[in-house]
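On a predicted model such as this, the values are computed, not experimentally measured, just so you know. Just so it is clear, the values below take in all heavy atoms, side chains as well, and ignore hydrogens, waters and symmetry mates. Numbered from 1 within each chain, the chains take letters A, B, ... in sequence-line order.
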Amino acid sequence: MEVVPSVYGNRFPPIFCLTSTRTIKNYPPAIAISPVATAANPTSTTTHSEIQNGPIYATGRSGKSLSVSSTIRQSAMLDIQQSTDLTSALSRSGEVLKAQDFNVILRHFGKSNRWKDISQLFDWMQHYGKTNIASYSSYMKFMGRRLNPLTVLEIYNSIKDKSIRNSVSICNSVLNCLVKSGKFDSSLKLFNQMKQDGLMPDIVTYSTLLVGCAKVKDGYTKALELVQEIKSSGLHLDSITYGTLISVCASNNRCEEAENYFEQIKSEGHAPNVFHYSSLLNAYAIDGNYRKADELIREMKSAGVELNKVILTTLLKVYVKGGLFDRSRELLVELQRLGYAGDEMPYCLLMDGLAKSGKLKEARLVFDEMKQNEVRNDGYSYSIMISALCRSGFLEDAKQLACEFEAKYDKYDVVILNTMLCAYCRTGEMENVMKMMKKMDESAISPDWNTFHILIKYFSKEKLYLLAFRTMEDMHRKGHEPEEDLCSSLIYYLGKTGAHTEAFSVYNMLRYSKKTTCKALHEKILHILVAGGLLKDAYVVVKDNAKFLSRAALRKFSTSFMKRGNMNLINDVLKSIHGSGYKIDQEIFHMAISRYIQQPDKNALLLHLLQWMPGQGYAVDSSTRSLILKHSHLFGRELIMELLSKQYMVLKTNKSREGKTK
DNA sequence: GTAGGGTTAG
């Protein structure tokens with residue numbers, strides 16, 4: 001395959017080299033624009049209240065000049081909001097404005113989805129110290145998922161004022177950004193750090209973190225821990241937190257617990273709201289419990305809670321999961337009638353359910369109908385159809401749909417790209433695979449766990465083991481943990497093709513991941529390392545995992561090490577395998593001692609070995625003994641005789657012990 | 001004059 005080296009070049013850079021989303025701007029020095037040093041420079045002696053409220057005007061100013069100042073500020077704000085050239089508007093009108101004025105503009109940009117302007121304005125505000133607590137929270141809120149979590153952390157860490165850093169709304173916003181971008185573990189770590197630094201978390205902090213529990217394995221346990229923490233810190237679960245908890249239960253297959261929380265709301269004298277209902281409904285979707293779902297809908301009707309788009313869409317999910325495809329279709333028609341079928345979601349639910357119960361043709365019909373209905377397309381429906389076609393082996397059809405999506409929509413996210421990658425990998429079209437990877441890189445879409453898995457599997461299938469290895473390295477660097485089976489097979493193939501070092505590298509990725517590795521893997525890598533002559537690495541494996549290794553493998557390793565391993569480590573190796581309970585046999589001692597004799601400058605090591613042996617119940621056999629005696633002049637004859645006689649005593653006691661046991 | 005949290009899809 002020619003394509004691979006040409007795409008990667010010879011140096012094998014990281015598979016995906018995403019460009020940083022945040023650029024450092026070179027603004028003129030603050031002092032040149034703003035003469036007000038306190039407002040311009042946040043690292044100066046500015047107090048918290050000044051940062052929050054802007055420079056405090058001297059008392060005694062007339063009401064008139066205040067209103068003049070407010071008029072000037074109003075027009076400056078308008079200038080910036082309406083300007084088509086933000087840079088010049090800021091240098092023209094920015095000086096007179098305070099942090100809260102900029103926050104108004106920030107929100108204005110936010111409401112009109114002017115992402116680029118929000119970023120530029122916020123950069124400017126940061127540079128001139130015109131930020132307060134609300135600025136940070138608003139910025140993160142309006143940028144939402146557009147913000148790279150690393151950028152968010154950078155911003156957070158740039159806040160030097162402790163009272164601002166510890167402010168609960170800023171902390172909540174930062175945690176929210178991390179949770180929304182799937183970095184739940186990082187958010188928990190940061191949360192603990194924040195608490196140590198002095199954050200007093202409130203119920204919003206906890207419900208922010210609870211959202212993350214819905215997306216991770218074992219999230220329910222973590223949620224319980226958080227609930228415990230809420231209670232022990234004297235806070236109370238509020239309506240939103242209950243809603244989050246129910247949704248955590250739903251996404252962790254805890255239907256009964258979801259019901260319990262729902263009942264708890266009622267027993268505390270509150271009426272469940274539409275969020276609570278939709279989350280509980282979603283819990284019923286897990287096993288398609290349409291009876292309970294129908295009952296819940298009746299309850300909603302009598303309670304006067306509106307059956308909104310989310311509720312009806314979730315109900316559709318329940319019907320689909322319950323296999324009630326006719327009722328699902330009826331409900332879809334109802335959604336269309338109500339104007340609730342403007343985006344793909346309900347179609348996706350139905351298509352996916354049909355495809356997964358083997359009704360691929362019917363799924364395709366829904367897909368075609370959706371396309372006729374001018375539904376907004378975000379690529380989900382294509383993902384579903386393409387992967388359904390792939391699963392059933394209709395690779396050509398899958399490829400065709402992928403091409404259709406490329407031609408019709410130039411909009412990609414990680415899922416559609418993964419799906420298309422998968423389709424092209426299955427049909428073995430390297431050129432298209434590379435095209436998708438380039439697209440991912442260009443659109444700054446970070447590859448996820450799935451992307452890496454698809455690629456590594458594909459490269460392995462094409463016998464491009466080194467490329468698979470580089471991809472796995474990249475995956476590891478990006479913090480994704482590959483599945484053990486995938487590693488294990490890659491280790492096998494790398495070993496088989498002589499890439500012993502690379503095989504060991506994959507082994508180490510697994511070993512130092514959080515998961516515990518399968519015991520057989522240690523033996524597998526040991527064989528590869530011994531075969532590749534990487535005896536020092538092999539020794540590391542043996543030292544750490546001797547208890548998982550078979551006697552045969554240990555023997556093979558020791559034999560090789562005695563023959564070719566580093567002489568300075570021979571005694572360590574012998575002690576280490578003895579320490580693991582392996583009885584060293586005479587042949588091994590003979591090999592070790594022969595090596596020492598060949599190299600008289602290592603005589604200290606030989607003497608050390610001979611000294612060590614009797615203490616562990618070992619003694620050299622007669623052939624090794626005569627070998628030593630033959631060369632004893634090299635080591636000091638007297639000392640050697642003394643050591644050998646000590647060993648002889650051991651030999652005698654061993655023999656007499658053996659005799660007694662017989 | 002001010003900020004932060006919840007429901008559905010691959």
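At whole-Å resolution of the value, CG in A/Asp101 and P in B/dA3 are 13 Å apart. When the P atom of B/dT2 is taken as reference, atom CZ of A/Phe142 falls 12 Å away, rounded to whole Å. In this structure, OH of A/Tyr277 is placed 22 Å from P of B/dG6, rounded to the nearest angstrom. Whole-Å rounding puts the A/Asn176 CG to B/dA3 P distance at 16 Å. Residue A/Met300 contributes atom CE, which lies 10 Å from atom C1' of B/dT7 at whole-angstrom precision.
Looking at A/Ser278, its side chain comes within 3.5 Å of the base of B/dT7 through a donor and an acceptor atom. Remark: the A/Asp413 side chain and the B/dG10 base include a donor-acceptor N/O pair separated by less than 3.5 Å.
Stacking annotation: A/Phe275 is stacked on the base of B/dG6 (ring centroids less than 5.5 angstrom apart, interplanar angle below 30 degrees).
If you check every strand for non-hydrogen atoms under 4.0 Å, A/Ser137 touches sugar and phosphate atoms only. Across all strands shown, A/Val211 has heavy atoms under 4.0 Å from sugar-phosphate atoms exclusively, and none from any base. Note on A/Asn273: a base of the nucleic acid sits closer than 4.0 angstrom, heavy atoms only. Across all strands shown, A/Asp352 has heavy atoms under 4.0 Å from sugar-phosphate atoms exclusively, and none from any base. Using a 4.0 Å heavy-atom cutoff across all strands shown, A/Lys356 reaches no nucleic acid atom at all. If you check every strand for non-hydrogen atoms under 4.0 Å, A/Val168 touches a base. Using a 4.0 Å heavy-atom criterion, one finds that A/Leu280 contacts no nucleic acid atom at all.
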Pair up each side-chain donor or acceptor in residues 358-369 of chain A with any protein partner under 3.5 Å, not counting sequence neighbours, and list the distances.
from, atom 1, to, atom 2, distance (Å)
A/Glu362, OE1, A/Arg329, NH2, 2.8
A/Glu369, OE2, A/Gln336, NE2, 3.2

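Scanning residues 224-253 of chain A for heavy-atom distances under 4.0 Å to DNA chain B yields A/Asp238, A/Ser239, A/Ile240, A/Thr241, A/Thr244, A/Ser247.
In this structure, the ring of A/Trp115 has its center no less than 6.0 angstrom from the ring center of A/Phe109. Between A/Tyr319 and A/Phe325, the distance from one ring center to the other does not fall under 6.0 angstrom.
Side-chain contact check for A/Glu268 and A/Tyr242: at least one donor-acceptor pair (N or O, by modelled atom type) lies under 3.5 Å.
Of the candidate nucleotides B/dT7, B/dG10, B/dG5, B/dT7 has the atom lying nearest to any side-chain atom of A/Asn282. Residue A/Lys141 places its side chain closer to B/dG5 than to any other of B/dG10, B/dG5, B/dT8.
Listed by chain and number, the residues in a salt bridge (charged side-chain N to carboxylate O under 4.0 Å, His left out) with A/Lys356 are A/Asp352 (sequence neighbours excluded).
Among the candidates A/Phe142, A/Tyr156, A/Phe122, the single residue satisfying the ring-ring contact (aromatic ring centres under 6.0 Å, His included) test with A/Tyr136 is A/Phe122.
Within the structure, a side-chain polar atom (N or O) of A/Lys317 is placed less than 4.0 Å from OP1 or OP2 of B/dA9.
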Audit row: A/Thr131, A/Gln126, side-chain hydrogen bond (donor to acceptor under 3.5 Å, both in side chains) steps and yes/no: CA-CA 6 Å; A/Thr131 49; A/Gln126 267 192 310; over 6 Å; no

